[in-house]
Participant: 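Right, I'll just put the structure down here and ask away after.
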Amino acid sequence: MPSALPDGEPVPADGALPATALAGAAHRPLGFYLHVPYCATRCGYCDFNTYTATELRGTGGVLASRDNYAGMLTDEIRLARKVLGDDPREVRTVFVGGGTPTLLAADDLVRMLGAIRDEFGLAPDAEITTEANPESVDPGYLATLREGGFNRISFGMQSARQHVLRILDRTHAPGRPEACVAEARAAGFGHVNLDLIYGTPGESDDDWRASLDAALGAGPDHVSAYALIVEEGTRLAHRIRRGEVPMTDDDVHADRYLIAEERLSAAGFDWYEVSNWARSEAGRCLHNELYWRGADWWGAGPGAHSHVGGVRWWNVKHPGAYAGALAAGRSPGAGREILTDEDRRVERILLELRLREGVPLALLRDAGLAASRRALSDGLLREGPYEGGRAVLTLRGRLLADAVVRDLVD
């Protein structure tokens with residue numbers, strides 16, 4: 001089931017932000033994340049804020065059905081316009097995620113995008129992305145999205161091996177994601193991503209190589225590869241605890257990451273974030289870079305998180321509660337926190353160290369600087385950038401990124 005929301009202070013009923021959050025906003029990029037919480041089935045490893053029709057039945061789900069969901073998101077987008085007031089920024093990125101956004105009609109996704117265009121305007125070179133399940137799109141659906149303004153799409157491939165997909169409870173057939181890439185290209189999408197997962201119980205090195213080769217053969221310009229994280233409360237966690245499937249250890253994850261780097265770099269992809277590779281700078285996901293660089297974004301939908309000018313807030317999780325708040329004219333915000341300067345310093349280190357450009361050494365305190373010198377001598381940071389004042393991970397450092405960053409934030 002979905003994980004719990006963090007604690008925080010109450011969000012004002014009208015969603016108002018402190019004046020400090022809006023100061024200097026015109027000089028920061030603005031993005032929108034639109035959360036679609038519906039899935040046909042729940043994958044065994046998933047703890048995202050998503051719901052199947054069965055899970056919503058009798059819990060207020062009628063108020064937040066797929067049929068009226070685009071209207072609710074539009075209401076929150078209009079609320080965002082009121083809260084941000086005369087903020088002059090056009091929206092730089094839009095990312096529709098989930099869940100399975102493509103369970104909604106393509107016209108509904110276009111309608112949600114249209115609400116952002118009407119209320120805020122879109123930058124001329126705006127990146128407009130949706131996630132998509134390979135089994136829930138066809139050429140006509142993709143053509144409607146492209147005609148409606150979407151120019152980037154991300155397909156959940158996960159693996160090319162049927163037995164791996166079965167462990168993950170993924171329902172698409174091997175080969176379908178690759179076909180989707182061709183269909184998206186034919187519809188006019190300039191940027192296509194494939195999401196992969198490595199370290200699934202029962203997956204071999206050869207299985208992983210086959211998945212990478214299949215993904216690369218499809219011709220995307222972006223690949224995301226994530227280590228499987230077994231979250232408490234998921235069906236997969238229960239299966240591992242009962243001994244039905246084995247747990248994958250960290251050494252296997254490291255080996256799979258090295259295989260990914262080898263295969264992807266040989267195919268002309270460069271890493272720009274620990275788990276993301278692109279064929280060119282133009283292929284990088286600008287929306288995710290907003291997150292990693294601490295820019296501003298408004299997250300609309302149940303459980304969505306937002307950040308504007310050092311204020312972070314999150315919406316109520318359940319679609320019924322979300323619908324009820326909007327119907328009553330209230331913000332669906334469940335809680336918020338106002339980040340201190342120290343919070344923001346630490347978050348910059350946590351997030352920017354994951355990027356190819358790394359993090360400025362000037363952000364580090366004495367203990368962090370001492371740790372950075374140790375990391376440099378241990379081969380975890382690159383020497384050239386370090387001499388220029390930046391901490392940039394080596395390949396070995398990327399394998400140990402979480403440990404490195406824990407030391408640097410001291």
Side-chain angles (χ1 to χ4, degrees), residues 3 42-48 154-172 174-175 177-178 193-218 220 222-267 269-278 288 350 353-356 375 378-381 393-407:
S3 56
R42 179 173 292 280
C43 295
Y45 61 93
C46 178
D47 76 335
F48 295 162
S154 178
F155 294 109
M157 177 177 177
Q158 319 313 352
S159 176
R161 296 298 206 200
Q162 182 66 64
H163 69 277
V164 176
L165 293 172
R166 192 178 302 118
I167 291 292
L168 295 173
D169 293 314
R170 298 291 295 185
T171 58
H172 67 260
E178 299 95 301
N193 173 62
L194 288 175
D195 272 345
L196 297 173
I197 289 178
Y198 58 87
T200 300
E203 177 193 63
S204 67
D205 285 353
D206 285 343
D207 291 332
W208 178 231
R209 291 188 183 96
S211 295
L212 288 163
D213 291 345
L216 290 169
H222 190 286
V223 172
S224 299
Y226 301 104
L228 177 66
I229 298 175
V230 180
E231 302 285 1
E232 285 299 320
T234 61
R235 187 159 57 248
L236 181 57
H238 291 312
R239 295 187 66 191
I240 290 172
R241 189 175 296 113
R242 291 194 297 264
E244 296 176 13
V245 294
M247 183 70 174
T248 304
D249 65 32
D250 291 342
D251 289 341
V252 170
H253 281 153
D255 290 342
R256 300 279 160 78
Y257 187 89
L258 292 174
I259 291 170
E261 171 63 22
E262 177 188 16
R263 281 288 206 270
L264 291 165
S265 62
F269 284 73
D270 289 322
W271 80 282
Y272 69 98
E273 191 274 341
V274 169
S275 299
N276 290 272
W277 290 258
N288 282 342
L350 290 171
L353 186 66
R354 297 180 62 85
L355 297 173
R356 188 181 188 92
D378 290 340
L380 304 178
L381 298 178
L393 295 170
T394 61
L395 176 56
R396 183 165 174 263
R398 284 149 62 190
L399 295 174
L400 300 171
D402 290 344
V404 175
V405 79
R406 279 197 300 270
D407 289 338

Participant: If you take all heavy atoms of M157 and A214, which pair is closest and at what distance?
Facilitator: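 So the two residues come closest at CE-CB, 3.8 Å.
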Participant: Can you sort out the partners of D270 under salt bridge (charged side-chain N to carboxylate O under 4.0 Å, His left out), two or more places apart, ordered by chain and number?
Facilitator: none
Participant: Rounded to the nearest 0.5 Å, what separates atom OG in S265 from atom CH2 in W277?
Facilitator: 9.5 Å
Participant: List for me each residue that meets ring-ring contact (aromatic ring centres under 6.0 Å, His included) alongside H222, sequence neighbours excluded, and say none if there are none.
Facilitator: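 Residues passing ring-ring contact (aromatic ring centres under 6.0 Å, His included) with H222: Y272.
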Participant: Would you please name every residue forming a salt bridge (charged side-chain N to carboxylate O under 4.0 Å, His left out) with D195, sequence neighbours left out?
Facilitator: none
Participant: Just so I know, are the side chains of V164 and I197 near enough to count as touching, which here means a heavy-atom distance under 4.5 Å?
Facilitator: no
Participant: How many angstroms lie between atom CG of L258 and atom CG of L399, to the nearest 0.5 angstrom?
Facilitator: 5.0 Å
Participant: Please examine the side chains of R209 and L212, heavy atoms only from C-beta on, and report whether any two atoms are closer than 4.5 Å.
Facilitator: no
Participant: Can you find a pair of side-chain heavy atoms, one from L381 and one from L393, that are under 4.5 Å apart?
Facilitator: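 Sidechains of L393 and L381: in contact.
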Participant: How long is the gap from CG on L400 to CG on L395, to the nearest 0.5 Å?
Facilitator: 10.0 Å
Participant: Under the 3.5 angstrom rule, does the side chain of E203 hit a backbone N or O of G199 as a donor-acceptor pair?
Facilitator: yes
Participant: Rounded to the nearest 0.5 Å, what's the gap from OG1 on T200 to CD1 on I167? Could you check?
Facilitator: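 Here the interatomic distance stands at 8.0 Å.
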Participant: Using a 4.5 Å cut-off on heavy atoms from C-beta on, say whether the side chain of Y257 contacts that of V274.
Facilitator: yes
Participant: Residues in side-chain contact (heavy atoms from CB on, under 4.5 Å) with D255, at least two apart?
Facilitator: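 Once residues adjacent in sequence are excluded, D255 has no partner under the side-chain contact (heavy atoms from CB on, under 4.5 Å) criterion.
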Participant: Can you list everything that forms a salt bridge (charged side-chain N to carboxylate O under 4.0 Å, His left out) with D213? Sequence neighbours excluded, please.
Facilitator: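 Here the qualifying residues are R263.
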Participant: Should W271 and L264 be marked as a side chain to side chain contact (heavy atoms under 4.5 Å, CB included) after you check the CA-CA gap, both sets of side-chain angles, and the distance that decides it?
Facilitator: CA-CA 9 Å; W271 80 282; L264 291 165; over 6 Å; no
Participant: Restricting to side-chain hydrogen bond (donor to acceptor under 3.5 Å, both in side chains), what partner residues turn up for S204, sequence neighbours left out?
Facilitator: D207
Participant: Quick one: are R354 and S275 in side-chain contact, heavy atoms under 4.5 Å?
Facilitator: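 Yes. Closest side-chain heavy atoms under 4.5 Å.
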Participant: Considering residues at least two apart in sequence or located in another chain, which fulfil the salt bridge (charged side-chain N to carboxylate O under 4.0 Å, His left out) criterion with D249?
Facilitator: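 Result, salt bridge (charged side-chain N to carboxylate O under 4.0 Å, His left out) vs D249: none returned.
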Participant: Could you pull out the closest heavy-atom pair between L196 and A215, with the gap in Å?
Facilitator: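 What the structure gives for the nearest pair is CD1-CB, 4.1 Å.
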Participant: Apply side-chain contact (heavy atoms from CB on, under 4.5 Å) to N288 and list each qualifying residue two or more places apart in sequence or on a separate chain.
Facilitator: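 If we apply the side-chain contact (heavy atoms from CB on, under 4.5 Å) test to N288, skipping adjacent residues, the hits are C285, Y291, W292.
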Participant: What's the separation between atom CG in L168 and atom NE2 in H163, rounded to the nearest 0.5 Å?
Facilitator: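 Rounded to the nearest 0.5 Å, the CG-NE2 separation comes to 10.0 Å.
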Participant: Could you tell me if the side chain of Y198 sits less than 4.5 Å from the side chain of V252, heavy atoms only?
Facilitator: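 In short, these two side chains do not touch, never coming nearer than 4.5 Å.
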Participant: Under the side-chain contact (heavy atoms from CB on, under 4.5 Å) test, which residues partner P220, sequence neighbours left out?
Facilitator: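 side-chain contact (heavy atoms from CB on, under 4.5 Å) check on P220 returns L194, A218, V223.
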Participant: List for me each residue that meets ring-ring contact (aromatic ring centres under 6.0 Å, His included) alongside F269, sequence neighbours excluded, and say none if there are none.
Facilitator: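 Expected list: none.
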Participant: Under the salt bridge (charged side-chain N to carboxylate O under 4.0 Å, His left out) definition, can you give me all pairs with a residue in residues 393-403, not counting sequence neighbours?
Facilitator: E261-R398
Participant: Go through the structure and list residues passing side-chain contact (heavy atoms from CB on, under 4.5 Å) with L165, not counting sequence neighbours.
Facilitator: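 L165: side-chain contact (heavy atoms from CB on, under 4.5 Å) contacts with Q158, S159, Q162, R170, H172, P174.
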